[in-house]
K.L.:
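To start, I am sharing the structure in question, which I have written as C-alpha cells.
Small disclaimer: the values here were computed from a predicted structure and weren't measured. Position 1 is the first residue of the sequence, and the numbers go up from there.
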Amino acid sequence: KINWFAIFGHFVSAVTMMGLIWDRDPVIIPYTETYLTWRNVSSSQDCPIGSRTFDTSNGKFCIQSTTQPVYCNDENECYGLNLGFLIICFHILSFFFQLGAALTDVIGPIAGYEYSVMISENKNPLRFIEYGFSASIMLISIALLNGVTDINLITSIAVLTSSCQLCGLAVEYVDSLRVKWLLHLTGWLQFVWSYAIIGHAFIKSVEDARENGGTGPPDFVFGIVVSLFLLYSSFGFVQLVELCVVVNPYKKEIAYVTLSLTAKLLLGWMIFSNVLVLSR
C-alpha cells in the first residue's frame, strides 16, 4: 500500500510540476569546462597571477587555466541542462520503476523479476537500478544550484553516484559480511565525495561574499543545504542498520518505500522551488 502511495505521489508531482512550468521560461544552467590557454607575450611582460611562465624558442608564453561555457551559439544561448526538466525526470523515473515493480505482483514476473518474491529473498535489484539514475539526477541538480557547472565535475558526480548505488545492490547479493561492509563503506565514500564537491562550492561562495563585503546567503539557506544532505543520505542509513542488526526484509522494504514517499518528494519539491523562483 505504501508503494502505491509513493507511485501516486511521484505521478502527481511530475504532472503538477509540468503544469507549473508550462508557460515559464526554462531555467537552463550552462555547462562550463576548464582548460589551459597558452598566451604568447613579450619577454618583458609579466604573466598574471595564477599563471606560469614558459620560455621557448618561439618566445615567452603565459600558461593559465581558463573556464568557459562548453558551447554558445550566435544568439548567446549556451548549451546546458534544463533544471525543471531534470526534476520532472527524477519523479517520472521513480514513478515508472516503482509502478513496474508493483505490476509484477499483478501480471507475473517480468524478466525473472517479481516484486514480492524479491522482497521475501531480501533483495530488490530494481530499486538500486532506479536509484542509479534518479539519485544521479538529483545530485546533479543540487550541484548545478550550488555553482558546480564544470562538465567534468558533473559527469564525475553522476558516475560516483551510480557506482554508489551499484555497491548497494552488490551488498544484497554477497554472503560474506566483510565484503558487505567493504562494499557499503565504498558506497559511502563515493557518496560523501560527490557531496563534498558540492559542499566545497557552497563554502567558497560564502567566503567570496564575505571577502567582498557581503554577508553571504541567509541562515535558512545553510539549513536547506544540510537538510538536502540528510534527506539524500537517509537511504544509505537503512542499509547501514541492516548490516548492524538483523532486519526483517519486509520492514526494510517498508523503510525504503516510506523514504521514497517522503524524502524523495521533499527533495524534488525543495529543488523545484528554485526553478519556480528563477523562471519567469
Side-chain angles (χ1 to χ4, degrees), residues 1-10 90 93-95 97-102 104-105 109 112-139 142 157 159-196 198-199 223-268 270:
K1 291 180 179 179
I2 298 172
N3 191 46
W4 282 106
F5 276 119
I7 291 167
F8 180 74
H10 287 295
F90 168 76
L93 276 170
S94 299
F95 165 72
F97 271 87
Q98 288 186 240
L99 177 63
T104 60
D105 281 341
Y113 177 94
E114 187 170 357
Y115 184 47
S116 59
V117 174
M118 284 291 179
I119 300 309
S120 67
E121 295 176 353
N122 205 20
K123 299 170 183 170
N124 191 354
L126 200 62
R127 177 201 303 125
F128 288 102
I129 293 171
E130 183 247 308
Y131 287 175
F133 293 104
S134 62
S136 297
I137 289 174
M138 180 53 65
L139 207 56
I142 297 173
I157 287 173
V159 172
L160 282 170
T161 305
S162 295
S163 300
C164 170
Q165 305 310 319
L166 290 176
C167 285
L169 171 61
V171 167
E172 295 189 340
Y173 279 84
V174 298
D175 296 324
S176 171
L177 184 59
R178 289 185 178 181
V179 177
K180 284 178 180 285
W181 272 107
L182 177 61
L183 289 166
H184 181 77
L185 294 176
T186 301
W188 275 107
L189 175 64
Q190 293 161 334
F191 163 67
V192 171
W193 191 257
S194 298
Y195 217 94
I198 299 170
I224 291 174
V225 172
V226 174
S227 297
L228 288 173
F229 174 78
L230 293 176
L231 285 169
Y232 195 91
S233 60
S234 59
F235 293 86
F237 286 113
V238 176
Q239 190 171 83
L240 178 62
V241 171
E242 180 190 6
L243 291 176
C244 294
V245 297
V246 177
V247 178
N248 183 288
Y250 295 100
K251 289 183 178 180
K252 182 182 81 170
E253 184 63 16
I254 287 173
Y256 277 119
V257 177
T258 301
L259 285 174
S260 180
L261 180 61
T262 56
K264 286 174 80 171
L265 290 176
L266 278 171
L267 278 167
M270 286 175 72

K.L.:
Using side-chain heavy atoms (C-beta onward) and a distance below 4.5 Å, is Val238 in contact with Val247?
P.N.:
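Val238 vs Val247: side chains apart.
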K.L.:
Mind listing the closest non-hydrogen atom pair of Tyr250 and Ser120 along with its distance?
P.N.:
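So the two residues come closest at OH-CB, 3.3 Å.
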K.L.:
Using 0.5 Å steps for rounding, measure from the CG atom of Leu93 to the CD atom of Gln98.
P.N.:
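Between Leu93 CG and Gln98 CD, I get 11.0 Å after rounding to 0.5 Å.
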K.L.:
Between Thr104 and Ala101, which heavy-atom pair has the shortest distance, and what is it?
P.N.:
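Looks like OG1-O, 2.5 Å.
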K.L.:
Considering non-hydrogen atoms only, spot the tightest contact between Phe90 and Ile137 and give its length.
P.N.:
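Nearest heavy atoms, Phe90 then Ile137: CB-CG2, 4.1 Å.
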K.L.:
Please tell me if the side chains of Gln190 and Thr161 come closer than 4.5 Å, counting only heavy atoms from C-beta onward.
P.N.:
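Answer no - side chains too far apart.
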K.L.:
Pairs in or reaching into residues 174-186: which pass salt bridge (charged side-chain N to carboxylate O under 4.0 Å, His left out), with residues at least two apart or in two chains?
P.N.:
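Counting only pairs at least two positions apart or across chains, no salt bridge (charged side-chain N to carboxylate O under 4.0 Å, His left out) contact touches residues 174-186.
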K.L.:
Nearest 0.5 Å, what's the CD-NZ distance between Glu242 and Lys251?
P.N.:
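That separation rounds to 13.5 Å.
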K.L.:
For Ser162, which residues count as a side chain to side chain donor-acceptor pair (under 3.5 Å) partner, sequence neighbours excluded?
P.N.:
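So Ser162 forms a side chain to side chain donor-acceptor pair (under 3.5 Å) with Ser136.
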K.L.:
Side chains of Tyr195 and Ile142: does their closest heavy-atom pair fall under 4.5 Å?
P.N.:
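Tyr195 vs Ile142: side chains touch.
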K.L.:
So do Leu99 and Trp4 actually touch side chain to side chain, heavy atoms under 4.5 Å?
P.N.:
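Answer yes - side chains close enough.
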K.L.:
For Ser116, enumerate each residue passing the side chain to side chain donor-acceptor pair (under 3.5 Å) test, keeping only those at least two apart in sequence or located in another chain.
P.N.:
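Asp105.
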K.L.:
Roughly how far, to the nearest 0.5 Å, is CG of Leu166 from OG1 of Thr186?
P.N.:
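CG of Leu166 is found 12.0 Å from OG1 of Thr186.
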K.L.:
Using salt bridge (charged side-chain N to carboxylate O under 4.0 Å, His left out) as the criterion, list what pairs up with Glu172, not counting sequence neighbours.
P.N.:
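Once residues adjacent in sequence are excluded, the partners of Glu172 under the salt bridge (charged side-chain N to carboxylate O under 4.0 Å, His left out) criterion are Arg127, Lys252.
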K.L.:
Can any side-chain N or O of Tyr173 pair as donor or acceptor with the backbone N or O of Lys123 at less than 3.5 Å?
P.N.:
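No, the answer is negative, given that no donor and acceptor are paired below the 3.5 Å cut-off.
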K.L.:
Kindly give the heavy-atom pair with the smallest separation between Gln239 and Gly168, and that separation in Å.
P.N.:
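Heavy atoms of Gln239 and Gly168 come nearest at NE2-O, 3.1 Å.
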K.L.:
Aromatic rings Phe237 and Trp188: how do their planes relate, parallel, tilted or perpendicular, breaks at 30° and 60°?
P.N.:
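Geometry flag for Trp188 against Phe237: tilted rings.
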K.L.:
Taking atom CG of Leu228 and atom CE of Met138, what is their separation to the nearest 0.5 Å?
P.N.:
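One finds 8.5 Å between CG of Leu228 and CE of Met138.
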K.L.:
Tell me which pairs pass salt bridge (charged side-chain N to carboxylate O under 4.0 Å, His left out) where either residue lies in residues 225-238, with sequence neighbours left out.
P.N.:
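Residue pairs passing salt bridge (charged side-chain N to carboxylate O under 4.0 Å, His left out), neighbours aside: none found.
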K.L.:
How long is the gap from CD1 on Ile7 to CZ on Phe97, to the nearest 0.5 Å?
P.N.:
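So the CD1 of Ile7 and the CZ of Phe97 are separated by 13.0 Å.
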K.L.:
Quick one: are Met118 and Leu126 in side-chain contact, heavy atoms under 4.5 Å?
P.N.:
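The answer is no, as the side chains (C-beta and beyond) never meet within the 4.5 Å cut-off.
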K.L.:
If you look at every heavy atom in His184 and Gly236, which pair is closest and at what distance?
P.N.:
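Closest heavy-atom pair between His184 and Gly236: CE1-O, 3.5 Å.
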K.L.:
According to side chain to side chain donor-acceptor pair (under 3.5 Å), who are the partners of Ser134, at least two apart in sequence or on a separate chain?
P.N.:
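Side chain to side chain donor-acceptor pair (under 3.5 Å) check on Ser134 returns Glu130.
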K.L.:
For residues Tyr131 and Cys164, determine if any side-chain heavy atom of one lies less than 4.5 Å from a side-chain heavy atom of the other.
P.N.:
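They are not in contact (no side-chain heavy atoms under 4.5 Å apart), so the answer is no.
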K.L.:
So, does His10 use its side chain to make a donor-acceptor pair with the main chain of Ser260 at under 3.5 Å?
P.N.:
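Present.
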K.L.:
Using the ring of each side chain (for Trp, its six-membered ring), is Tyr256 parallel, tilted or perpendicular to Phe235, with breaks at 30° and 60°?
P.N.:
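Rings of Tyr256 and Phe235: parallel, under 30°.
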K.L.:
Take atom CH2 in Trp193; do more than 12 heavy atoms of anything else shown fall under 6.0 Å from it?
P.N.:
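No.
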K.L.:
Are Trp181 and Cys244 close enough, and set up right, to give a side chain to side chain contact (heavy atoms under 4.5 Å, CB included), and what steps lead you there?
P.N.:
CA-CA 10 Å; Trp181 272 107; Cys244 294; 3.9 Å; yes
K.L.:
Closest approach of Asn124 and Glu253, non-hydrogen atoms and distance?
P.N.:
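Minimum heavy-atom contact is ND2-OE2, 3.5 Å.
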K.L.:
About how many Å separate CG of Leu261 and CD1 of Ile254, when rounded to the nearest 0.5 Å?
P.N.:
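So the CD1 of Ile254 and the CG of Leu261 are separated by 12.5 Å.
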K.L.:
May I ask you to test the Tyr113-Tyr115 pair for a side-chain heavy-atom distance under 4.5 Å?
P.N.:
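Yes. Closest side-chain heavy atoms under 4.5 Å.
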